[in-house]
Structure formats: C-alpha cells, structure tokens
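The next block holds one structure in the form of structure tokens; read it before the comments.
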Protein chains: 2
Amino acid sequence: MLTKDELPFCPVATTVDLIGNKWTLLIMRELLTGTKRFSELHKAIVGISQKVLTQNLRKMEEDGIVTREVFAEVPPKVEYSLSELGDSLRPIIDSMITWGTDYIQQHLQAEQQDS
Amino acid sequence: MLTKDELPFCPVATTVDLIGNKWTLLIMRELLTGTKRFSELHKAIVGISQKVLTQNLRKMEEDGIVTREVFAEVPPKVEYSLSELGDSLRPIIDSMITWGTDYIQQHLQAEQQDS
DNA sequence: CCGTATCCTCTCCGATACTG
DNA sequence: CAGTATCGGAGAGGATACGG
C-alpha cells in the first residue's frame, strides 16, 4: 500500500490540472449556488468573454465536473450545473472563500489604520 | 457590517488572484514541507523552466506569501520559504491534497476494473 | 549557483461576424 | 439565446547565452 506521498501522481498536480485555473474556479463559485444558464454565468463572471466561457465550460464538461443540459426551445436555453464529481470539490472552494474573506478583512483594517 | 456575500471584492477572486495558477500551487506544495533552495525547487517541480520559476517566485514574494533569503557565499545560495501569510494558505493546499488523493484512488480502481 | 537578457515561437484571448 | 468561425495582436514561456 502506498502512502500519500508515494502515490504515482502528485495529488496537488492532479487537482491543479482540473481546477488550477482562474476562470474554472470562478465558474465553480457560481455553480456552487445552483444551476445557471449560460447568460447568467456570463453576467456574473466579470471580465470573461463568451468565447473563453464556452471553452472553459467545455473543458469542465470533458473533465466530468460540469453537466450541460440543452432545452429544445425558442429562444434556446442551456443550463449548467455541477456534477457529483464537481460538487465533491466544494471543500476546496470553501477553504478559498474562508481564506479570502479573512484576507480582505485584514486589508480593510490595514487601510483604515493608514487613513 | 457587510455579510460574506456582500464584501466589495469576491473572496474567491481574491484568492484566485494570488494562487489560482498552476505553478504557484506547485511551488507552494514544495514549500509546505519547509525551506527550499532554488535548485531544489527547480528539480522538484517537473516541467518548469528556470525563467518561469523565477518569475513565479518574484510574484509570490511581491504578494507576501514567500520569503527570499540570499546568502553571501561562493557559490551563491538562495533559500525560499513560506511567509506567515503563505503558511496561512496551507488549509487550501491540504484540501487539494485530500481531494486529489481520493480522485487518484478512484481512477486506479476504475483502471483495475477495466483490465 | 542563481539568476538576467534576448530572441523567437506558440498559445491565449478579444473582436467581429455569422448560425440554429 | 447560445453558441461557432476566423483573424490578428499581446503575452506567456522555451532555448540560449551571458553575468555576479
């Protein structure tokens, strides 16, 4: 039996390969609160272009962390949600939310001391 | 008082800006086990070039998550370690290690079933 | 040993135009 | 609405040579 450090592939490298990317993490942040339409994601994620959003969603779908559902309507409607695998990544994003929240509060305090 | 969701800057975006990057996360993985020399990092992180390693270390130093110590010796010696702020990111990497380890084990099992 | 400087390549990404 | 297709500029990153 291999110990954690002796695994053939580094766990961090594996995780990084899936979500070690700015946009992927921001998309996941949106999907953690539930299913979203393409346009909702586009609006919520400031600075992303339609093209890059599509590219990232396709990659996430390939990797099995996002589910895509197309509705045969006019106008068209496409919904994205986290798969079970995608949802299993929730603790990672949560730890980022926790850390980022603390970090921001520290910086707000520091700025107030400056003024 | 603002609630978590009303903070002026998204916590995830803040965190992503600091460590939402392949190489940064892999460098942090190495430094979590203690101080490392430049050449040790270069050897440990497969696929990174000297230039990119330097660039990332400089950015991490600027962001305050890495400390750089130069020894006035011949041959020169430079040691990198996590700052207190950098070490506070440990829970995030830990959650990635936990998830990645599980993911790899699932895939190893799946491969064994295939054969 | 630990870099920086330069060149050159290659990919990313924005802008735009066009479809079901 | 939710894409795809195409073009072109900007920047990331490799290879190499050189410096403290």
Side-chain angles (χ1 to χ4, degrees), chain A residues 10 12-13 16-31 33-83 86, chain B residues 13 16-31 33-83 86:
Chain A
C10 169
V12 178
V16 163
D17 191 53
L18 287 177
I19 61 166
N21 165 287
K22 178 183 176 180
W23 296 126
T24 301
L25 286 163
L26 295 179
I27 293 169
M28 288 204 54
R29 176 197 65 189
E30 295 305 316
L31 295 181
T33 58
T35 297
K36 294 272 155 50
R37 297 186 58 169
F38 184 87
S39 51
E40 291 179 297
L41 291 173
H42 196 194
K43 222 184 322 173
I45 302 172
V46 177
I48 198 169
S49 68
Q50 188 185 40
K51 178 178 164 182
V52 173
L53 177 55
T54 301
Q55 284 174 347
N56 275 271
L57 286 168
R58 294 288 176 280
K59 204 259 187 189
M60 293 168 80
E61 206 187 341
E62 263 185 61
D63 291 340
I65 64 182
V66 155
T67 306
R68 179 172 182 261
E69 191 176 4
V70 182
F71 295 83
E73 301 176 0
V74 176
K77 176 169 137 187
V78 180
E79 284 188 350
Y80 293 92
S81 52
L82 288 180
S83 67
Chain B
V16 163
D17 191 53
L18 287 177
I19 60 165
N21 164 288
K22 177 182 176 180
W23 297 125
T24 301
L25 286 163
L26 295 179
I27 292 170
M28 288 204 54
R29 176 196 65 190
E30 294 305 316
L31 294 182
T33 58
T35 296
K36 295 270 155 51
R37 297 185 60 167
F38 184 87
S39 51
E40 291 179 297
L41 292 173
H42 196 193
K43 222 184 319 172
I45 303 171
V46 178
I48 198 168
S49 68
Q50 189 183 38
K51 177 180 166 183
V52 173
L53 177 55
T54 302
Q55 284 174 346
N56 275 271
L57 286 169
R58 293 290 175 280
K59 204 257 187 190
M60 294 168 80
E61 205 186 343
E62 261 185 62
D63 290 341
I65 64 182
V66 155
T67 305
R68 178 170 182 263
E69 192 176 4
V70 181
F71 294 84
E73 301 175 359
V74 177
K77 176 169 138 187
V78 180
E79 284 188 351
Y80 293 93
S81 52
L82 289 181
S83 68

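Numbers restart at 1 for each chain; the letters A, B, ... are given by sequence-line order, proteins then strands.
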- prompt: Going through the distances and angles, do A:L41 and A:L31 end up as a side-chain contact (heavy atoms from CB on, under 4.5 Å)?
  reply: CA-CA 9 Å; A:L41 291 173; A:L31 295 181; 4.0 Å; yes

- request: Using a heavy-atom cut-off of under 4.0 Å over every strand shown, decide if B:P76 touches base, sugar-phosphate, or nothing.
  value: base

task: State whether B:R68 places a side-chain N or O below 4.0 Å from either non-bridging phosphate oxygen (OP1 or OP2) of C:dC2.
output: no

query: To 10°, what angle do the rotation axes through the five end pairs on each side of the helix from C:dC1-D:dG20 to C:dG20-D:dC1 form?
result: 50°

query: Of B:R68, B:R37, B:E69, B:E40, which meets side-chain hydrogen bond (donor to acceptor under 3.5 Å, both in side chains) against B:Y80?
result: B:R68

- line: For B:N21 and B:T24, the nearest pair of non-hydrogen atoms, with its separation, is OD1-N, 2.8 Å

query: For B:R58 and C:dC2, what is the distance between atoms CZ and P respectively, to the nearest whole Å?
result: 12 Å

task: Under the side-chain contact (heavy atoms from CB on, under 4.5 Å) rule, what do B:L26 and B:R29 come out as? Steps first, then yes or no, please.
output: CA-CA 5 Å; B:L26 295 179; B:R29 176 196 65 190; 3.7 Å; yes

field: Minimum-distance pair of heavy atoms, taken over all atoms of B:S83 and B:G64
entry: OG-O, 2.6 Å

- prompt: Expressed in angstrom and rounded to an integer, what is the separation of A:W23 atom CH2 from C:dG14 atom C1'?
  reply: 12 Å

- prompt: Where along residues 37-57 of chain B does a heavy atom fall under 4.0 Å from DNA chain C?
  reply: B:R37, B:F38, B:S39, B:Q50, B:K51, B:T54

Any donor-acceptor N/O pair, B:D17 side chain to B:A13 backbone, under 3.5 Å: no

- request: Might you confirm whether atom NZ of A:K22 has over 12 heavy atoms from other residues, nucleotides or ligands at distances under 6.0 Å?
  value: no

query: Is the backbone N or O of A:E79 less than 3.5 Å from a side-chain atom of A:T35, with the two atoms forming a donor-acceptor pair by type?
result: no

task: Could you tell me whether the side chain of B:L82 reaches within less than 4.5 Å of the side chain of B:T67, counting heavy atoms only?
output: no

- request: Shoot me the first and last contacting nucleotide of DNA chain D against chain B, ordered 5' to 3', at under 4.0 angstrom to non-hydrogen atoms.
  value: D:dG13 to D:dG20

query: Does A:R58 reach the side chain of A:T54, with side-chain heavy atoms less than 4.5 Å apart?
result: yes

- prompt: What heavy-atom pair brings B:K36 and B:E30 nearest, and what distance separates the two atoms?
  reply: NZ-O, 2.9 Å

message: At 4.0 Å (heavy atoms only), tell me whether A:F71 reaches a base, stays on the sugar-phosphate, or touches nothing.
response: nothing

